[in-house]
Amino acid sequence: MTSESEIDPTVRILNADGAIAPSETAERYLPLVDALTESDLEQFYRDMVSVRAFDRQATLLQRQGQLALWPPSQGQEAAQVGSARAARAQDHLFPSYREHVVCTIRGVDPVDIIKLMRGVSHGGWDPTDPAHGNTHIYTLVLGSQTLHATGFAMGLAFDGRSGTGDADTDEAVIVYYGDGASSQGDVHEAMVFAASYQTPQVFFLQNNHWAISVPVTTQSRVPLADRARGYGMESIRVDGNDVLASYAVSKLALDEARSGLGPRAIEAVTYRMGAHTTSDDPTKYRTSDEEQSWVSRDPIARMRAYLLGRGASDAFFADVDAEAAALAADVRTRTLELPVPTRDDMFAHVYSEPHPLMDEQRQWLADYEASFGEEV
């Protein structure tokens, strides 16, 4: 079981009971929290409840043979919601493969995520479509999205799209990855270039304590936030189950990166309540006592308690639950209605523009199948 020193957050605003109890290092972030409206706070809760309902429905769909794979996000909702809501409309988000609520907040249809895991789409959605809020597609190759994000952030800096002093137009990048990916060479190479070129970028590490079956204590002998500090970046450790802390820390880091102060790093200390993916059995490598110790820190229960303390009504919570149930039901219905892709679909969107190699491969496959002398 993880020691208390491993899980004690650096920045915390809400305690596990949902009461305002800021840590000493949270003082600089309190004005950002104070500026949140009641509508903002309720939206945080609505986001978390909705994505958990979607996540559970997707897990059921996979168990019923409708998806090839599903990576659950239960337990990590606060880290994701807070950071995604902190981004400005012009910012660019690079997810890994578990950031379901990050994508939906930015306008991605949840069924587009389903399409990817069902195996009927190369990427799920078009990241250049303005409706998707500059959200790039999932990356299942661990850590490679940090290179993509850093290259993109370097381009923003080269093109003068950050650091101009205009907060309404300056752009930043936030990239998501996990504790397991933090041990990948790609992440460290990305940090080298980000630090060297002072990119307008935030590295958002979700430390959910397990890289599949390898505990974070095996991966690193020091807090993961220290790795980014080794490259000269300001790196903040935050309670990833506290949506207010996640929001405030992410907002300030993005504002600073966007304004030209260079890359920032955040380690959000959270916990993966479910399996790594639906092909994994976490009972083989972690104890029920450990899991139960994190159930008491559930980010949704924490935010619910906070809102109740502020006077939120039963009608509000009932409305949120109904909305989440409707979302899950809609996802199920539309998943079961997804058409079977055609043969030509596999050649679409491999390149951003028509490409002769794809034409050649498409024709080869058509000729090969025709050689069997029957309709395929």
Side-chain angles (χ1 to χ4, degrees), residues 42-85 87 93 95-121 123-127 129 131-133 135-140 176 178 206 208 240-241 243 246-247 268 270-280 295 298-304 316-338:
E42 291 180 351
Q43 187 63 58
F44 290 166
Y45 181 78
R46 194 180 300 272
D47 290 337
M48 291 193 290
V49 172
S50 292
V51 77
R52 184 167 292 187
F54 165 58
D55 187 47
R56 287 173 172 169
Q57 185 64 257
T59 300
L60 292 174
L61 286 165
Q62 192 283 328
R63 295 305 190 201
Q64 294 160 1
Q66 296 298 326
L67 305 182
L69 188 74
W70 185 253
S73 62
Q74 182 176 348
Q76 298 180 221
E77 295 93 348
Q80 295 183 10
V81 168
S83 58
R85 287 293 178 189
L93 289 74
S96 178
Y97 52 77
R98 203 186 302 275
E99 286 70 42
H100 313 315
V101 73
V102 171
C103 296
T104 55
I105 283 174
R106 299 293 285 193
V108 174
D109 184 341
V111 175
D112 282 344
I113 303 174
I114 292 288
K115 288 177 183 177
L116 179 62
M117 300 301 171
R118 190 175 170 88
V120 299
S121 169
W125 62 92
D126 180 358
D129 186 338
H132 298 146
T135 306
H136 295 256
I137 60 175
Y138 277 2
T139 306
L140 276 71
Y176 294 86
Q206 293 170 86
N208 66 22
N241 285 13
V243 69
S246 176
Y247 167 81
T270 182
Y271 193 77
R272 167 170 54 79
M273 292 301 299
H276 174 70
T277 69
T278 45
S279 65
D280 170 46
V295 168
D298 185 288
I300 294 178
R302 186 184 301 197
M303 191 60 178
R304 180 186 176 94
F316 164 73
F317 293 112
D319 177 66
V320 170
D321 290 342
E323 183 179 296
L327 169 66
D330 176 67
V331 165
R332 167 169 285 276
T333 297
R334 291 195 290 136
T335 296
L336 299 180
E337 293 173 348
L338 286 172

Should the pair Arg304 and Phe317 be classed as cation-pi, given the thresholds of under 6.0 Å to the six-membered ring centre and 45° from the axis? yes

Is there a side-chain contact between Pro71 and Met117 in this structure, where contact means two heavy atoms from C-beta onward sitting under 4.5 Å apart? yes

Rounded at 0.5 Å granularity, tell me how far CD1 in Ile137 sits from OG1 in Thr139. 6.5 Å

Please find the pair of heavy atoms, one from Ile105 and one from Ala84, that lie closest to each other, and give the distance. CD1-CB, 3.9 Å

Closest approach of Ala79 to Ala268 (non-hydrogen atoms, all atoms of both residues): CB-CB, 4.0 Å

Heavy-atom pair of closest approach, residues Ser73 and Gln80: CB-NE2, 4.4 Å

Locate the shortest heavy-atom distance separating Pro110 from Leu327; write the atom from each residue and the value. CG-CD1, 4.0 Å

Flag the pair Thr135 / Glu99 as yes when at least one side-chain heavy-atom distance between them is below 4.5 Å, and no otherwise. no

Should Gln76 and Arg98 count as side-chain neighbours, where that means a heavy-atom distance under 4.5 Å? yes

Report the distance from atom CD1 of Ile113 to atom CG of Leu67, rounding to the nearest 0.5 Å. 11.5 Å

Starting from the C-alpha separation in whole Å, work towards a yes-or-no answer on side chain to side chain contact (heavy atoms under 4.5 Å, CB included) for Leu69 and Ser279. CA-CA 7 Å; Leu69 188 74; Ser279 65; 3.9 Å; yes

Quick check: do Val243 and Pro299 have side-chain heavy atoms less than 4.5 Å from each other? no

Taking side-chain contact (heavy atoms from CB on, under 4.5 Å) as the criterion, tell me which of Leu338, Leu336, Asp330 meets it with Arg334. Asp330

Which atom of Pro72 lies closest to which atom of Thr278, heavy atoms considered: CD-N, 4.5 Å

For the pair Trp125 and Tyr138, name the ring-plane relationship: parallel under 30°, tilted 30 to 60°, perpendicular over 60°. perpendicular

Audit row: Arg46, Asp319, side chain to side chain contact (heavy atoms under 4.5 Å, CB included) steps and yes/no: CA-CA 9 Å; Arg46 194 180 300 272; Asp319 177 66; 3.1 Å; yes

Working to the nearest 0.5 angstrom, can you tell me the gap between Arg56 CZ and Trp70 CH2? 14.0 Å

What distance do Asp109 atom CG and Lys115 atom NZ have between them, rounded to the nearest 0.5 Å? 7.0 Å

Given 3.5 Å as the limit, does a donor-acceptor pair link the side chain of Arg272 with the main chain of Gly75, or not? no

Any side-chain heavy-atom pair from Asp298 and Asn241 closer than 4.5 angstrom? no

Would you give the length of the straight line joining atom CD1 of Ile300 to atom CZ of Arg52, rounded to the nearest 0.5 angstrom? 3.5 Å

Checking Tyr176 against Ser83 for the side chain to side chain donor-acceptor pair (under 3.5 Å) test, could you report, in this order, the C-alpha distance in whole Å, the side-chain angles of both residues, the deciding distance, and whether it holds? CA-CA 10 Å; Tyr176 294 86; Ser83 58; 2.8 Å; yes

Are the side chains of Asp47 and Glu77 in touch, meaning some heavy atoms are under 4.5 Å apart? no

Val101 versus Met48: any side-chain heavy-atom pair under 4.5 Å? no

Measuring only between side-chain heavy atoms, which start at C-beta, is Thr59 closer than 4.5 Å to Gln62? no

Once you round to the nearest 0.5 Å, how far does CG of Asp55 lie from NE2 of His100? 5.0 Å

For the student: nearest non-hydrogen atoms of Leu93 and Val102, plus distance: CD2-CG1, 3.4 Å

CA sep, side-chain torsions, deciding dist, call: His132, Arg106, side chain to side chain contact (heavy atoms under 4.5 Å, CB included): CA-CA 6 Å; His132 298 146; Arg106 299 293 285 193; over 6 Å; no

